[in-house]
Each structure stands twice: as C-alpha cells, then as structure tokens.
S.K.: 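The structure's right below; bear with me while I get my questions together.
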Amino acid sequence: QVQLVASGGGLVQPGGSLRLSCAASGSIFSRSVMGWYRQAPGKQRELVAGITSGGNTNYVDSVKGRFTISRDNAKNTVYLQMNSLKPDDTANYYCNSNPPYYSQTYRRPYWGQGTQVTVSS
C-alpha cells in the first residue's frame, strides 16, 4: 500500500523551530530523490528541499541556511529541520519523491497527508 504520512507541524512564533517527519512506503522511498514540498493558501505547491539516497541535498533559496533535510533509509523516513521560521514559511507541508509519485489507480500524483505549519506571533 502506498503511503506518505507527514507529521510534526504546528503553531510556532517567528524565529522558532520545528522538525517535520514523513513516513513513506517502500515503493515511494526507494526512489532516488525524496523531497519536502509546501503549499500556502492561494499559491502553487513548491519543492523546498530534496535529498538523494546518497545524502546529497538541495534547497530553494528562501530556506537555505534555515532548513535541513535528512533521511533514514532504514526507517523509510524523511525529516525536515526548520529553524529561524518566518511568517512566509506558513503552509501545508508534504513529502514525496521528486518527481512526485504518480498513482496509476487514480491517474494523478499521490500526495498523502500533509502537516500544517503556522508561523505567527
């Protein structure tokens, strides 16, 4: 069964930190690149961080130096450590492979459960 279950979101003040986790089924995690995406209200979903199976990482400019992506290949889990959070980081965060897993059953990308991050004072 294909699964992506993100957790760890919440309400945090500007400057605070959160650590997101995502448990993925093996059929998705075994793909070379995993990533964290986010979607804010009224905006398109964007890829904010990616990591290869070997641990190479990349980040969108807006989070460089503040976010760190990591993965535990033994646990099929991807993490996103978010520091120095800003109100602009407010969004629903999802993990997925890059490119996103395509469901043949539903004939569309499968996103699974996201986790809401709200940065506000």
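What you see below is based on every heavy atom in this structure, not just the backbone, and it leaves out hydrogens, waters and symmetry mates. For clarity, every value in this text was computed on a predicted model and none was experimentally measured.
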S.K.: Using salt bridge (Lys or Arg N to Asp or Glu O under 4.0 Å) as the criterion, list what pairs up with R66, not counting sequence neighbours.
M.R.: D89
S.K.: State, yes or no, whether a side-chain contact exists between F29 and R71 at a heavy-atom distance under 4.5 Å.
M.R.: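 In short, these two side chains touch, coming nearer than 4.5 Å.
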S.K.: Any side-chain heavy-atom pair from Y110 and T105 closer than 4.5 angstrom?
M.R.: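 Of all side-chain heavy-atom pairs linking T105 with Y110, none is under 4.5 Å.
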S.K.: Under a 3.5 Å cutoff, is there a donor and acceptor pairing between the side chains of N92 and Y94?
M.R.: yes
S.K.: Where do A91 and R38 come nearest, in terms of heavy atoms and distance?
M.R.: CB-CB, 3.8 Å
S.K.: Taking T115 for the side chain and G9 for the main chain, is one N or O donor matched with an acceptor at less than 3.5 Å?
M.R.: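 Answer holds: yes.
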S.K.: How long is the straight-line distance from CZ of R108 back to OG of S103, given to the nearest 0.5 Å?
M.R.: 7.0 Å
S.K.: Are the side chains of I28 and V2 in touch, meaning some heavy atoms are under 4.5 Å apart?
M.R.: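 Side chain of I28 against side chain of V2, heavy atoms only: contact under 4.5 Å found.
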S.K.: Determine whether I51 and V33 fall in the same hydrophobic cluster, where Ile, Leu, Val, Met, Phe, Trp and Tyr are linked whenever their side-chain heavy atoms lie under 4.5 Å apart.
M.R.: no
S.K.: Tell me whether V63 is reachable from W36 by hopping between hydrophobic residues (I, L, V, M, F, W, Y) whose side-chain heavy atoms are closer than 4.5 Å.
M.R.: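 In one cluster: yes.
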S.K.: Cut-off 3.5 Å, no hydrogens considered: what does the side-chain donor-acceptor table look like for residues 11-25, sequence neighbours left out?
M.R.:
residue, atom, partner, partner atom, Å
S17, OG, N83, OD1, 2.9
S25, OG, Q3, N, 3.0
S25, OG, S27, OG, 3.4

S.K.: Nearest 0.5 angstrom please: T57 OG1 to M34 CE, how far?
M.R.: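 With rounding to 0.5 Å, OG1 (T57) is 15.0 Å from CE (M34).
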S.K.: If you define the side chain from C-beta out and look only at heavy atoms, does anything of Y79 sit under 4.5 Å from I69?
M.R.: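 A side-chain contact under 4.5 Å is absent here.
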S.K.: Using the six-membered ring wherever Trp is involved, compare the ring planes of Y93 and F67 and label them parallel, tilted or perpendicular (cut-offs 30° and 60°).
M.R.: tilted
S.K.: Would you say Y102 ends up clustered with L47 if hydrophobic residues are merged whenever their side chains have heavy atoms under 4.5 Å apart, either directly or through other cluster members?
M.R.: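 The answer is no; the residues belong to distinct hydrophobic clusters.
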S.K.: What are the two closest non-hydrogen atoms of S97 and Y37, and how far apart are they?
M.R.: O-OH, 2.8 Å
S.K.: Taking all heavy atoms of T77 and all of K75, pick out the closest pair and write down the distance.
M.R.: OG1-O, 2.9 Å
